[in-house]
Peer 1: 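Dropping the structure in here first, questions after.
Each chain gets a letter, A, B and so on, in the order the sequences are listed, and its residues count up from 1.
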2 protein chains.
Amino acid sequence: MTDANGAAARVTLHDVAKAAGVSIGTVSNYMNGYPYMSAATKERVQDAIDQLGYVVNGTARNLRRGVTRLLSLSIPDLTQVYFAELAEEVIQVAREYDYGVIVESTGYDAAREMHSIQIMSQRMTDGLILSPLKLSDGDARKIKGDFPLVVLGESMFGVDAPHIIVQNIYAAKAATCHLVSAGCRSIAIVGGAVDPGNVSARSLRTEGYVAALREYGLPVDQRLIRETGDWNSRAGARAISDMMQEGLRFDGVFACNDMLAFGVISQLKEMGVSVPAQVQVVGFDNIDESQYTTPSLTTIDPGRRQIAKLAVESILEQVNQGRRAPKQRIEVEYSLVCRQSSPGFPVIGAKG
Amino acid sequence: MTDANGAAARVTLHDVAKAAGVSIGTVSNYMNGYPYMSAATKERVQDAIDQLGYVVNGTARNLRRGVTRLLSLSIPDLTQVYFAELAEEVIQVAREYDYGVIVESTGYDAAREMHSIQIMSQRMTDGLILSPLKLSDGDARKIKGDFPLVVLGESMFGVDAPHIIVQNIYAAKAATCHLVSAGCRSIAIVGGAVDPGNVSARSLRTEGYVAALREYGLPVDQRLIRETGDWNSRAGARAISDMMQEGLRFDGVFACNDMLAFGVISQLKEMGVSVPAQVQVVGFDNIDESQYTTPSLTTIDPGRRQIAKLAVESILEQVNQGRRAPKQRIEVEYSLVCRQSSPGFPVIGAKG
DNA sequence: GTGAAAGCGCTAACAC
DNA sequence: GTGTTAGCGCTTTCAC
């Protein structure tokens, strides 16, 4: 396994063939599970492999086969729990198909998002799962080539590729309806958009929130729509203390993600407001931690596992087809996970 | 860019060469920035490239060059914030060297940890950064080959490769000393090991905790060493409520990671104990969120960035050397980040 | 300055 | 059943 110098011996098919006294093609057949071989030959080949410590050279195999069994996942930031958990799912699903995942973290940087696309074209990987944040539709059109691609979200719907869509509007609506049916009459949204209008998660979730209020004939109070720069717990806490300071009253909070919700709950407690007795809280994302907090958090599960599964499977299908699939919306099922932060019951049919 | 069928045209160096009326070697030279070329040739080649939309085939290049500019990172679970943030750092550092990262999530499964090692030997990547949890020293010895390898932690010190070591003992000692010097006289450890003895983070951190108490001549109360199965906030909360129920008194808590600390703080608040006025809390990991909570969390920063940097750079060095580096301990600097959960001042020299 | 040619290590036809 | 062979697309001597 090591040569006289102690350096790595580069054992090739050729070496194994020579040692086993067969041809290189036979060894290759053996490696690939070709069935029509004599038991004797199989054994000699295996012996040679063991003795020499041969391992197939993946790069050569890739070149020859034209695929790498590797796919790229491009996300904004692993530090955001949502994306980390999404990446975890993608890696797991990919593994089921014997695929590896190159994770590219673009850091909310359009240039880096483009970069991961460039890399793709170099055919180091078989396909790209792209979760774009900053890329404009203009950049989008630069996504040339027809390598397998799946876009997460609808922010770049100009691109001609399958899009996997979280139903932000309906899910947010369901979350809000749930609060109403649990008895809340004055519901704030934390992390929302004061002036919705684009396709960001922020805007869409606000849209769902408003739709729910309207459906129940409840007034939409602009002061209860709290936009925050970040979506972390500090921002959530801040939104609450601001509202309290402004003398606003509310009995329910829909937080646009779970981190915000944690901050919301923490700050409410801090100010002596009991959750859920006085104020009920619902989050969005269903990150792992949301089940462990006190109170545990009612939240929207956006269907991460399904997103990962659909994305990977679409890529593989495209690989098989030999080209990119056409533009299409693939909508993922969401669900409302009811926990202690809101004792009510889920609202069925928010989608209708 | 697309052929008559609309399928991907597979543009090769050959095609570019033909279109530009030069040899394939010249195009290759151009692609690699070879300086001695006539301006005229350069231009013709560039035109052909633009026109045909040529992109180099990375796989072929890899085979020829013998490297992939890809490295593997094998960690237990991206769902754990610590690992997600570590992965993020590794990806960033790798990018600085124009390297991509294949993230393998082993899910606390020894078989998968071995698997990522197998993959490595297939030379799909230039090196492996392995954060082992379950792999025994016995498995370790199976890590044949001398491909570039860096092991994170000391749990597998039998392996002949560089190990990057977080100074668990000293860091935990520093955290505990900090609590003492801040006035705490009765300090609990949450997530510790009732019966330390191996090289797990749990045991080492407990060791540091005990060492600090001894140094200050404080008694070690076994009832204040709370072992928890998981290291999440629920476990932290549980440990606190258990201790309270048992009638134990304490004025400081060293939590073995930040998630535990969050649970600890949350439960203390829940029970009407004020942090830090009545009980001070220190965590471990310095995850992003620890700065956003209320109160913000005093915690040990294990030096993730440096870990990532040292790991990637060691891999690259090994790649250049053409073989694995010998066994060595590379110790990373830690620091105590002081925040609101403990108003004291950091203790200098806990290491001595 | 540019071209020709020899592989990198493998797979998959196709012989026999 | 097994051997032979033609490349996959590229880099890199080495001529000229």
Peer 1: Which nucleotide wins on minimum distance to the side chain of A:T41, given the candidates C:dT11, D:dT2, D:dT11?
Peer 2: D:dT2
Peer 1: Output the rounded distance in Å from OH (B:Y36) to P (D:dT13).
Peer 2: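 One finds 15 Å between P of D:dT13 and OH of B:Y36, rounded.
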Peer 1: For C:dC10, does OP1 or OP2 lie under 4.0 Å from any side-chain N or O of A:Y54?
Peer 2: yes
Peer 1: Looking at C:dG9, I'd like to know if its phosphate oxygens (OP1 or OP2) sit under 4.0 Å from a side-chain N or O belonging to A:T12.
Peer 2: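 No.
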Peer 1: Specify the separation, in whole Å, of atom CG of B:N57 and atom C1' of D:dG9.
Peer 2: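 The answer, rounded to whole Å, is 6 Å.
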Peer 1: Tell me: OH of B:Y30 to C1' of D:dT11, nearest whole Å?
Peer 2: 18 Å
Peer 1: Report yes or no: is the cationic atom of B:K327 (NZ for Lys, CZ for Arg) under 6.0 Å from the centre of the six-membered ring of B:F157, at an angle within 45° of the ring normal?
Peer 2: yes
Peer 1: For A:M37 and D:dG3, what is the distance between atoms CE and C1' respectively, to the nearest whole Å?
Peer 2: 12 Å
Peer 1: For B:N62 and C:dG7, give me the distance from atom CG to atom P, rounded to whole Å.
Peer 2: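 Rounded to whole Å, this separation is 21 Å.
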Peer 1: Looking at OG of A:S72 and CG of A:L149, how far apart are the two atoms once the value is rounded to the nearest 0.5 Å?
Peer 2: 10.5 Å
Peer 1: On DNA chain C, nearest-nucleotide positions of A:Y34 versus B:V22: which is more 5'?
Peer 2: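 Final value for this comparison: B:V22.
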Peer 1: In whole angstrom, give the distance that lies between atom NE2 of B:H14 and atom C1' of C:dA4.
Peer 2: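 For the pair B:H14 NE2 and C:dA4 C1', the rounded distance is 13 Å.
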Peer 1: Would a 4.5 Å heavy-atom cut-off, applied to side chains only, mark A:V103 and B:V101 as touching?
Peer 2: no
Peer 1: B:N32 near the nucleic acid: base, sugar-phosphate alone, or nothing, with a heavy-atom cut-off under 4.0 Å?
Peer 2: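 Sugar-phosphate contact only.
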Peer 1: Can you see if the side chain of A:R65 gets near the phosphate of D:dC8 - specifically, an N or O under 4.0 Å from OP1 or OP2?
Peer 2: no
Peer 1: In Å, rounded to the nearest 0.5 Å, how long is the span from CD1 of A:I102 to CG of B:L73?
Peer 2: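 Interatomic distance, A:I102 CD1 to B:L73 CG, rounded to 0.5 Å: 13.0 Å.
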Peer 1: If you assign each of A:L63 and A:G25 to its closest nucleotide in DNA chain C, which residue comes earlier from the 5' end?
Peer 2: A:L63
Peer 1: Look at B:S38 and C:dT2 and indicate whether a side-chain polar atom (N or O) is within less than 4.0 Å of OP1 or OP2.
Peer 2: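 Indeed, a polar side-chain atom of B:S38 lies that close.
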Peer 1: For C:dG3 and B:S23 - does any side-chain N or O of the residue sit under 4.0 Å from the phosphate oxygens OP1/OP2?
Peer 2: yes
Peer 1: Side-chain N or O of B:R10 versus OP1/OP2 of D:dG9: is the shortest distance under 4.0 Å?
Peer 2: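 Answer is yes, contact under 4.0 Å.
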Peer 1: Which nucleotide wins on minimum distance to the side chain of A:R61, given the candidates D:dG9, D:dT11, C:dT11?
Peer 2: C:dT11
Peer 1: Can you tell if the side chain of B:E154 reaches within under 4.5 Å of the side chain of B:R329, non-hydrogen atoms only?
Peer 2: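 SC-SC contact between B:E154 and B:R329 confirmed.
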Peer 1: Please state how far atom CG in B:D15 lies from atom C1' in D:dC8, giving the value in whole angstrom units.
Peer 2: 14 Å
Peer 1: Looking at every non-hydrogen atom in both residues, tell me the closest pair between A:M124 and B:T68 and how far apart they are.
Peer 2: CE-O, 4.0 Å
Peer 1: To the nearest Å, give me how far apart NZ (B:K18) and C1' (C:dA4) are.
Peer 2: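 Interatomic distance, NZ of B:K18 to C1' of C:dA4: 17 Å.
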Peer 1: With a 4.0 Å limit, can you tell me whether A:S28 has a side-chain N or O closer than that to the phosphate oxygens OP1/OP2 of C:dT11?
Peer 2: yes
Peer 1: Consider the side chain of B:N29, meaning its heavy atoms from C-beta on, and name the nucleotide among D:dG9, C:dC10, C:dT2 that approaches it most closely.
Peer 2: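 Out of D:dG9, C:dC10, C:dT2, the nucleotide with an atom closest to B:N29's side chain is C:dT2.
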